[in-house]
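Shown below is the structure under consideration.
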Amino acid sequence: MRNLEVADIFDDIADFLELKNENPFRIRAYRRASQNIKSLNEDIEEILKRDGLLEILGIGKDLALKIKEIITEGRLKYLEELKREFPEGLAEIMNIPNIGPKTAKLLYEKLNIRDIDTLEEYAKAHRLSSLPGIREKTEENILKGIELVRRGRERMSLGIALPLAEKIINDLKDSSGIKRITYAGSLRRMKETIRDIDILVSSNSPNIIMDNFVKLPVVKEIISKGKTKSSILTKEGIQVDIRVVKPDSYGAAMVYFTGSKAHNIRIRELANKKGFKINEYGVFRKSDGKKIAGNEEIGVYNAIGLPYIEPELREDQDEIEAAINGRLPDILKLEDIKSDLHIHTKYSDGANSLKKIIDACKELGYEYIAICDHSKSLKVAGGLSEKDLMKQVGQIRKFNKISKDIKILAGSEVDILDDGSLDFDGDILKELDLVVASIHTGFKQAREKLTYRILKAMENKYVNVISHPTGRLMGARDAYELNLDRIFKQAADTNTAIEINAFPQRLDLTDINCKRAREFNVNFAIGTDTHSLPQLNYIRFGVAVARRGWIEAGSILNALSFKEFLKRIKK
DNA sequence: GCCGTTTTCGGCCCGACTGTTTTCAGTCG
């Protein structure tokens, strides 16, 4: 997979073109191409092989040639030429907040500043004030920005961002004058990682909201405070932006602030062609400036002839075309979920007793759940021996006899061993209601070997689900190399479901891979991999991944009724 | 540099905030 390599090169080119003050539309073409390549769900080398580059949105003749050069030559002459014109450090300088191409170029040309360290020296010595448009305040901001860059403005996981946004909204929502309040941005689109949190408010008295916002207990620093828009930095160093609009603009503002930027650009282009203008206040007829929509999101889409598009789909990844052609998927909803198919208990490395887990799941309204503790080989996680597993199965059977509200599936998260066989024999596995198989060893093995192990496991007639199929742990471990297309095909052929592991550090499969797997007609199982009670709520992150992957309820095992579920998993 | 129900040229999304300016450029989302 060299998609990222190609995307990064196009991004670098865009940086250089900005420094050169090139045609902004040309720069945007590179950025858009980069963005689209990043979110492709197919290997770009494969696309090149089948001569399909021009089908990629935003790739024309010229960029197709450049992609070919990158893949075959391992480099791009054009980028190397650009690199000769400017020192490499300038791109880094442009990463500093509030320093864009104009300032970076000015610093370089007037003071020969070509890296962050030099810039810091100059700013501290007040030697930047000699430049036009830079005085003391800008020097201060540059120093602050350098600190931010050094600390690394990393993206946080959805699991951190969502609760934080909910807390801020909760703290704010009683402010007088707030009519509606929500989070927007990449958080509302439920991207797996988030950089900034965006909050949107509708109110007729924005001043009060701005004042209350910058006084919230989480605020460490006020980045900017205006009449309708402010930004703060929390004590954890997370930027939170807020925007207040009038109630009759709330829908348009929701669309605008939910993004993605690429999606917004597309719908604005579409509006333009139809004689409308879209901004964060509404949809306006160009002929007489009359506002024709804006209160609600759906009205904005309908005004330009589109059906409502779910936030998770708004990535300019074919959703506009699908909307135009009436082939938008009816994606999974949280309410569709009837079960959690991956839960650990005290039997292995979970924190809670079977009883506690069952009670909590009843509270959540589940129709059935699957208990899947680890298998005997995974000693570090307290894997169960055959004897202990059978004891657990017995306990579950007993429970099911007296329970009316919820069905408990006796399952196991069974290790896939080095040769692709399973950690328990068939005579044990046949006693279980659900077998979830996963790899916990040999992450560094070759792609072919790891792929083989999973393919082999799927051949086992007792295996219902492959859990966290790529093994990634965000911030700790990359996904291991797999031939996913072969795995998806095998999953469909053997009726083995692929798990969407909802644990925020995993989210494995990813949204992009879900979209790919969907083309193979595979079934999915969402599991929280819960090890302690609050983690049962992670289900919403798994649902988010499925939604971003265009998955409909019909192919999610745990969106099926218990009866349907049992039918569907038969191999 | 891409793209086409304005189709092979001439368009290309739109507005808020800051810091520096006497009316705006640069940056950001």
Side-chain angles (χ1 to χ4, degrees), chain A residues 10 13-14 17-18 21-36 53-67 78 93-107 128-129 131-142 144-145 153 184-187 189 194-200 206 210 222-231 239-245 249 252-253 255-284 286 300 304-305 316 321 324:
Chain A
F10 286 171
I13 291 176
L17 294 181
E18 281 194 323
N21 203 12
E22 266 274 0
N23 175 0
F25 299 107
R26 194 170 161 231
I27 297 168
R28 188 197 293 166
Y30 277 100
R31 296 251 187 249
R32 182 165 178 226
S34 169
Q35 201 60 44
N36 286 340
L53 290 177
L54 291 175
E55 293 159 24
I56 304 171
L57 228 50
I59 303 294
K61 261 189 189 166
D62 183 89
L63 291 186
L65 274 174
K66 287 194 166 76
I67 292 170
Y78 181 52
I93 285 178
M94 279 165 62
N95 281 334
I96 299 169
N98 302 310
I99 295 191
K102 295 278 174 359
T103 313
K105 200 176 165 201
L106 183 75
L107 293 167
L128 301 178
S129 321
L131 298 173
I134 297 185
R135 294 291 173 267
E136 196 168 356
K137 196 75 196 256
T138 303
E139 285 179 327
E140 267 176 42
N141 284 339
I142 286 176
K144 274 187 201 167
R153 283 193 62 206
S186 55
L187 180 56
R189 300 200 312 280
I194 312 292
R195 204 170 70 165
D196 304 327
I197 292 175
D198 297 300
I199 307 282
L200 178 66
M210 292 293 101
I222 300 168
I223 297 171
S224 70
K225 180 173 178 248
K227 276 186 267 196
T228 62
K229 188 179 162 183
S230 297
S231 296
Q239 183 170 332
V240 185
D241 302 331
I242 195 168
R243 178 73 180 266
V244 182
V245 296
S249 294
V255 172
Y256 174 74
F257 284 102
T258 298
S260 66
K261 196 174 173 177
H263 174 90
N264 285 350
I265 288 174
R266 288 295 307 283
I267 61 170
R268 284 171 188 206
E269 279 171 4
L270 211 60
N272 244 339
K273 282 179 197 150
K274 290 179 184 263
F276 302 115
K277 183 181 86 165
I278 299 182
N279 58 25
E280 59 261 58
Y281 303 112
V283 183
F284 301 86
K286 280 198 272 191
V300 173
I304 56 170
D316 188 20
E321 290 73 15
I324 291 170

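Residue numbers begin at 1 in each chain, while the letters A, B, ... track the order of the sequences.
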Next item on the list: Compare side-chain N and O positions of A/Asn264 against OP1 and OP2 of B/dC13 and report whether any pair is under 4.0 Å apart.
Entry: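 For B/dC13, OP1/OP2 do not have a side-chain N/O of A/Asn264 under 4.0 Å.
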Notebook entry, point to check: Considering only the C1' atoms, how many Å lie between B/dC9 and B/dC14, rounded to the nearest integer?
Noted result: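 Those two atoms are separated by 25 Å.
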Checklist line | Nearest-angstrom distance from the residue atom CG of A/Leu128 to P of B/dG19 | finding: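 Atom CG in A/Leu128 sits about 15 Å away from atom P in B/dG19.
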Next item on the list: From the options B/dT18, B/dG29, B/dG15, select the nucleotide whose nearest atom is closest to the side chain of A/Tyr281.
Entry: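 In terms of side-chain proximity for A/Tyr281, the closest of B/dT18, B/dG29, B/dG15 is B/dG15.
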Notebook entry, point to check: Sequence neighbours excluded, which residues qualify as salt bridge (charged side-chain N to carboxylate O under 4.0 Å, His left out) partners of A/Lys144?
Noted result: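 Partners of A/Lys144 by the salt bridge (charged side-chain N to carboxylate O under 4.0 Å, His left out) criterion, ordered by chain and then number, come out as A/Glu221.
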Item checked: Rounded interatomic separation in angstrom, taking CZ from A/Phe257 and P from B/dC28 ->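 Nearest whole value for this atom pair: 16 Å.
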Note to self: Taking A/His263's backbone N and O only, do any of them form a donor-acceptor pair with A/Ser260's side chain (distance below 3.5 Å, no angle check)?
What the structure shows: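 Judged by distance alone, yes, a pair lies under 3.5 Å.
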Check: Using a cut-off of less than 4.0 Å, is there contact between a side-chain N or O of A/Arg268 and OP1 or OP2 of B/dC12?
Finding: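 It does not, given that no N or O in the side chain of A/Arg268 lies less than 4.0 Å from OP1 or OP2 of B/dC12.
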Check: Considering residues at least two apart in sequence or located in another chain, which fulfil the side chain to side chain contact (heavy atoms under 4.5 Å, CB included) criterion with A/Lys227?
Finding: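 A/Lys227: no side chain to side chain contact (heavy atoms under 4.5 Å, CB included) contacts found.
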Notebook entry, point to check: Which residue, A/Met210 or A/Ile278, contacts DNA chain B at a nucleotide closer to its 5' end, judged by nearest heavy atom?
Noted result: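 Checking each residue's closest nucleotide, the 5'-ward one belongs to A/Ile278.
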Note to self: Taking side chain to side chain contact (heavy atoms under 4.5 Å, CB included) as the definition, give me every residue that meets it alongside A/Arg26, ordered by chain and number, with sequence neighbours left out.
What the structure shows: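 A/Arg26: side chain to side chain contact (heavy atoms under 4.5 Å, CB included) contacts with A/Leu17, A/Glu22, A/Asn23, A/Tyr30, A/Tyr78.
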Next item on the list: Using atom CD1 of A/Ile242 as one end and atom C1' of B/dC17 as the other, report the distance to the nearest whole Å.
Entry: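 A/Ile242 atom CD1 is separated from B/dC17 atom C1' by 15 Å.
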Margin query: Please report the distance, rounded to the nearest Å, between NZ in A/Lys261 and P in B/dC28.
Written below: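 Taking atom P of B/dC28 as the reference, NZ of A/Lys261 is at 10 Å.
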Notebook entry, point to check: With a non-hydrogen cut-off below 4.0 angstrom, is A/Ile96 in contact with a base, only sugar-phosphate, or nothing?
Noted result: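 Counting heavy atoms under 4.0 Å across all strands, the contact made by A/Ile96 is with sugar-phosphate only.
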Notebook entry, point to check: Rounded to the nearest 0.5 Å, how far apart are CG of A/Asn272 and CD1 of A/Ile278?
Noted result: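 Atom-to-atom, A/Asn272:CG and A/Ile278:CD1 are 9.0 Å apart.
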Margin query: Between B/dC12 and B/dC17, how many Å separate the two C1' atoms, rounded to a whole number?
Written below: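 Each nucleotide's C1' atom is 25 Å from the other's.
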Item checked: Separation between the C1' atoms of B/dG10 and B/dG15, rounded to whole Å ->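 About 25 Å, rounded to a whole number of Å.
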Distance-only criterion, 3.5 Å: show the donor-acceptor pairs between side-chain atoms of residues 54-65 of chain A and protein atoms not counting sequence neighbours.
{"residue": "A/Glu55", "atom": "OE1", "partner": "A/Arg50", "partner atom": "NH1", "Å": "3.4"}
{"residue": "A/Asp62", "atom": "OD1", "partner": "A/Lys66", "partner atom": "NZ", "Å": "3.4"}
{"residue": "A/Asp62", "atom": "OD2", "partner": "A/Lys66", "partner atom": "NZ", "Å": "2.7"}

Checklist line | Atom P, compared across B/dT21 and B/dA16: separation rounded to whole Å | finding: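 Their P atoms lie roughly 24 Å apart.
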Next item on the list: List for me each residue that meets side chain to side chain contact (heavy atoms under 4.5 Å, CB included) alongside A/Ser34, sequence neighbours excluded, and say none if there are none.
Entry: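 So A/Ser34 forms a side chain to side chain contact (heavy atoms under 4.5 Å, CB included) with A/Ala7, A/Phe10, A/Asp11, A/Lys38.
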Next item on the list: Please measure how far the C1' atom in B/dC13 lies from the corresponding atom in B/dG29, and state the result in whole Å.
Entry: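 My reading of the C1' atoms in B/dC13 and B/dG29 gives 12 Å.
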Note to self: Can you build the contact string for nucleotides 20-26 of chain B? Use B for base contact, S for sugar-phosphate-only contact, and - for no protein heavy atom under 4.0 Å.
What the structure shows: SS----S
Item checked: ring-ring contact (aromatic ring centres under 6.0 Å, His included) involving A/Tyr256 - partner list, sequence neighbours excluded ->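 Once residues adjacent in sequence are excluded, A/Tyr256 has no partner under the ring-ring contact (aromatic ring centres under 6.0 Å, His included) criterion.
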Note to self: Go through it in stages, so that I can follow the logic: the residues are A/Thr138 and A/Leu128, the test is side-chain contact (heavy atoms from CB on, under 4.5 Å), and I'd like the CA-CA distance, side-chain angles, deciding distance and then a yes or no.
What the structure shows: CA-CA 9 Å; A/Thr138 303; A/Leu128 301 178; over 6 Å; no
Item checked: Rounded P spacing from B/dC3 to B/dT22 in Å ->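 Per the computed distance, 43 Å lies between those P atoms.
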Notebook entry, point to check: According to the side-chain hydrogen bond (donor to acceptor under 3.5 Å, both in side chains) rule, which pairs have a member within residues 274-284 of chain A, sequence neighbours left out?
Noted result: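 Counting only pairs at least two positions apart or across chains, the side-chain hydrogen bond (donor to acceptor under 3.5 Å, both in side chains) contacts touching residues 274-284 of chain A are A/Arg243-A/Glu280, A/Arg243-A/Tyr281.
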Next item on the list: Please determine, for the side chain of A/Arg28, which listed nucleotide (B/dG29, B/dA16, B/dC12) has the closest atom?
Entry: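 Nearest to the side-chain atoms of A/Arg28, counting from C-beta on, is B/dC12.
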Note to self: I want to confirm an ordering. Mapping A/Thr228 and A/Asp198 to their closest nucleotides on DNA chain B, which one lands closer to the 5' end?
What the structure shows: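 Between the two, 5'-proximity favours A/Thr228.
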Next item on the list: Quickly work out the A/Arg31 CZ to B/dC28 P distance and round it to whole Å.
Entry: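 Atom CZ in A/Arg31 sits about 11 Å away from atom P in B/dC28.
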Pairs under 3.5 angstrom, nitrogen or oxygen only, protein versus nucleotides 1-7 of chain B, please.
{"residue": "B/dG1", "atom": "OP1", "partner": "A/Arg26", "partner atom": "NH2", "Å": "3.1"}
{"residue": "B/dG1", "atom": "OP1", "partner": "A/Tyr30", "partner atom": "OH", "Å": "3.0"}
{"residue": "B/dG1", "atom": "OP1", "partner": "A/Asp62", "partner atom": "OD2", "Å": "3.4"}
{"residue": "B/dG1", "atom": "OP1", "partner": "A/Lys66", "partner atom": "NZ", "Å": "3.4"}
{"residue": "B/dG1", "atom": "OP2", "partner": "A/Arg26", "partner atom": "NE", "Å": "2.7"}
{"residue": "B/dG1", "atom": "OP2", "partner": "A/Arg26", "partner atom": "NH2", "Å": "3.2"}
{"residue": "B/dG1", "atom": "O5'", "partner": "A/Arg26", "partner atom": "NE", "Å": "3.4"}
{"residue": "B/dG1", "atom": "O6", "partner": "A/Asn23", "partner atom": "ND2", "Å": "2.7"}
{"residue": "B/dC2", "atom": "OP1", "partner": "A/Gly60", "partner atom": "N", "Å": "2.6"}
{"residue": "B/dC2", "atom": "OP1", "partner": "A/Gly60", "partner atom": "O", "Å": "3.3"}
{"residue": "B/dC2", "atom": "OP1", "partner": "A/Leu63", "partner atom": "N", "Å": "3.2"}
{"residue": "B/dC3", "atom": "OP1", "partner": "A/Gly58", "partner atom": "N", "Å": "2.9"}

Check: Which whole-number value in Å describes the distance from A/Asn141 CG to B/dC28 C1'?
Finding: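 For the pair A/Asn141 CG and B/dC28 C1', the rounded distance is 14 Å.
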Item checked: P spacing across the pair B/dT7 / B/dG1, given as an integer number of angstrom ->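 One P to the other, the span is 24 Å.
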